[in-house]
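Written below as structure tokens is the structure these notes are about.
On a predicted model such as this, the values are computed, not experimentally measured, just so you know.
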Amino acid sequence: MAGGTILDQLVKAGTVEQILKKNSTDQDAVKALKQILFELGFDEVKNLQSNEIDGNYDDETIATVKSFCNKNDITSDGEKITEEIAEMILKRYESLPDMLQLHHDLVNGKISEKYFEGSPDKQAIASLQRLLNDLGFGKELNWDKNRNNGDFGKDTQTAIKAFLEQKVDKVAEKVPVIKKIESFFDGCGSKLSHLMKKGGLSTILKKGAPPHEAIKELQQSLHKLGFGKLLGKPVEKLDNVFGDNVVNAVKDFAEKNGIKTDGTKITQAIAGTIQDKLKDLPFLHQLQRDFREGKVAKKYFKGSKDKIAISALQQVLNGLGKGKELNWNLKGNDGIFDGNVAKALKSYLNKGFFNGAIKSVTPQTMFSIIKDASKNLGPDWADHVKPMQGNDNSVLTRFAASNFIGIHVITNVAFVPALEKINGYAVKNKVQVYVTDAYRRGTDVPGAIVPPAEMSNHKVGHAIDMNLKYGDGKLANSVYMHPSNRDNWAEPVRGFLDDIINDSTLRWGGEFKRTDPVHIDDNLNHTDPDEWHKERELTIKAYDSNDIKDWTPS
């Protein structure tokens with residue numbers, strides 16, 4: 001922690017701005033700064049040629065400082081370290097040992113062994129308490145009295161409960177707290193998710209607050225969820241103002257989702273519910289589209305090969321509380337209409353009028369499912385359901401495969417052969433590829449592991465982000481798949497990632513300069529940048545006009 005000591009001394013002496021700046025002559029102080037940033041995960045400050053950290057406050061340092069500031073809501077051009085920046089760096093650095101403690105326990109499967117009421121491991125609980133205090137839950141911890149006393153008692157439980165109340169359905173109580181705490185230090189994502197992590201929701205997203213881009217994003221989200229008429233404006237005319245129309249839309253959304261509010265501000269509960277509904281919305285759109293177009297009988301039956309349709313049905317049924325019948329933890333939305341889907345449908349229909357075997361979904365049943373699944377949405381949510389306009393010349397297509405689950409994948413047709421290879425490796429190693437991101441029209445990325453590159457292959461449909469499911473529904477996420485945890489990888493995960501690594505046509509993000517273990521692409525942005533720019537224009541045009549080919553089962 002010597003680097004932290006030097007930085008702290010500069011802050012106390014009031015000389016940090018004079019010494020830590022572009023072209024500084026104090027190489028020892030600059031090297032100390034860069035060492036801290038490196039330990040905080042900004043590995044670009046290490047010289048790639050010498051593999052060492054030098055004392056030059058150069059362009060790479062400027063870019064790194066700017067990146068750190070962006071993640072921590074500080075406006076800076078990166079050319080000097082102000083007292084505000086220095087204090088935030090020190091704050092993050094001070095939290096690092098606690099982060100490493102919880103990270104170590106997570107990747108080594110020791111969460112349940114250490115983090116419980118009455119735990120004797122006071123060091124681990126003290127780390128948890130300090131991080132919860134950093135997250136803004138000092139009041140619940142009774143911090144002034146107890147501080148980090150290492151006692152997992154009622155105060156710590158109250159703090160955790162307050163932290164998890166961002167998920168009103170309480171499903172989050174089943175998720176290890178460390179996973180959510182780690183996400184706080186990520187600093188990436190959409191404006192709404194970013195404010196959820198930083199705790200600025202009710203100050204930025206409230207009636208009468210100064211105009212802010214996050215207010216526009218909130219309105220866009222509410223518009224998608226069916227509250228456009230209450231907002232009183234079409235999507236293209238939404239602004240950055242939290243006025244009476246926004247209040248009415250927020251209040252109506254909250255009431256439909258069992259949240260009490262007057263609509264004048266956004267709480268963690270409201271924001272979390274908005275994000276949950278947005279995540280499931282594409283699947284509901286699929287069911288609505290097929291119902292409108294009279295395709296229910298053609299797609300939704302036992303043995304159907306249309307994985308996109310069946311995975312949408314599974315996702316929506318899970319949202320209606322049929323996860324147990326679906327065997328959701330093990331199978332997820334795997335797109336297979338089997339006995340589990342039949343059980344889920346039978347359980348759903350046994351609301352009083354059905355008691356037969358399930359081999360298909362009737363239009364009447366689909367109408368009922370859609371109606372129940374949309375009861376928490378606004379009246380015009382279905383106005384956003386557009387028919388697929390794709391043709392043989394479309395540059396974008398939807399993709400499904402035997403071992404792909406998660407989101408419905410929209411990708412570039414040129415990337416389909418790569419996805420088929422990835423699926424082949426998944427089959428070989430008995431893993432499921434849980435896709436979390438594919439083609440990306442915009443630049444905001446909820447939950448991103450690293451800041452998205454300007455020429456990201458996601459932006460041309462030549463990449464996916466994914467987790468892996470293996471064994472009895474175990475999840476390998478970014479923490480688990482990090483190269484530093486390689487010795488602890490289960491064989492299915494190791495085999496799959498090794499196959500990706502050894503394939504000369506694919507790249508795994510775990511080997512990137514800025515480690516991104518959930519990412520796989522084909523390196524188009526580097527091998528042919530001219531083609532990348534051409535594809536960027538074509539994919540934007542196709543996406544905006546809904547010129548996307550529907551998936552054709554093989």
*Name all residues meeting the ring pair (Phe, Tyr, Trp, His ring centres under 6.0 Å) criterion together with Tyr439; count only those two or more places apart in sequence or in a different chain, and write none if there are none.*
Tyr543
*Walk me through it: do Asp121 and Lys114 pass the test side-chain contact (heavy atoms from CB on, under 4.5 Å)?*
CA-CA 6 Å; Asp121 196 326; Lys114 292 186 175 184; 3.3 Å; yes
*Evaluate the side-chain contact (heavy atoms from CB on, under 4.5 Å) criterion for residues Phe242 and Gln219: first the C-alpha distance (whole Å), next the side-chain angles of each, then the deciding distance (0.1 Å), finally the verdict.*
CA-CA 9 Å; Phe242 202 121; Gln219 293 185 69; over 6 Å; no
*Test Asp499 against Asn429 for side-chain hydrogen bond (donor to acceptor under 3.5 Å, both in side chains), laying out the working first.*
CA-CA 9 Å; Asp499 282 340; Asn429 292 286; 3.0 Å; yes
*asked:* Going by the rule salt bridge (charged side-chain N to carboxylate O under 4.0 Å, His left out), which residues pair with Asp239 if we only count those two or more places apart in sequence or in a different chain?
replied: Lys233
*Take Val241 and Ile215 through the test side-chain contact (heavy atoms from CB on, under 4.5 Å) and record every step on the way to the result.*
CA-CA 6 Å; Val241 178; Ile215 297 174; 5.6 Å; no
Taking only distance into account, with no hydrogens and no angle test, what donor-acceptor pairs under 3.5 Å do side-chain atoms of residues 17-25 form with protein atoms, sequence neighbours excluded?
unit_1 : atom_1 : unit_2 : atom_2 : d
Ser24  : OG     : Ile19  : O      : 2.6
Ser24  : OG     : Asp26  : N      : 3.1

Regarding [X] and [Y], is there a side-chain donor-to-acceptor distance under 3.5 Å anywhere?
X: Ser484; Y: His482; answer: yes
X: Asn467; Y: Asn477; answer: no
X: Gln129; Y: Asn149; answer: yes

*Contacts of Asp498 that satisfy side-chain contact (heavy atoms from CB on, under 4.5 Å) - sequence neighbours left out*: Arg486, Arg494, Ile501, Asn502
With a cut-off of 3.5 Å and sequence neighbours excluded, list every side-chain donor-acceptor pair involving residues 136-146.
unit_1 : atom_1 : unit_2 : atom_2 : d
Asn146 : ND2    : Leu141 : O      : 3.3
Asn146 : ND2    : Asp155 : OD2    : 2.6

_Verdict with supporting geometry, Phe68 and Arg92, side-chain contact (heavy atoms from CB on, under 4.5 Å)_ = CA-CA 10 Å; Phe68 173 86; Arg92 296 298 184 216; 4.0 Å; yes
*Name the orientation class of the two ring planes belonging to Phe253 and Phe227 (parallel below 30°, tilted from 30 to 60°, perpendicular beyond 60°).*
perpendicular
*Please work out which of the three classes, parallel, tilted or perpendicular, describes the rings of His458 and His519, given edges at 30° and 60°.*
perpendicular
*For the residue pair Tyr425 and Phe496, is the inter-centroid distance of their aromatic rings smaller than 6.0 Å?*
no
*Considering residues at least two apart in sequence or located in another chain, which fulfil the side chain to side chain donor-acceptor pair (under 3.5 Å) criterion with His223?*
His384
*How far apart are the closest heavy atoms of Ser76 and Cys69, and which atoms are they?*
CB-SG, 3.7 Å
*Taking all heavy atoms of Ala29 and all of Ile6, pick out the closest pair and write down the distance.*
CA-CG2, 4.3 Å
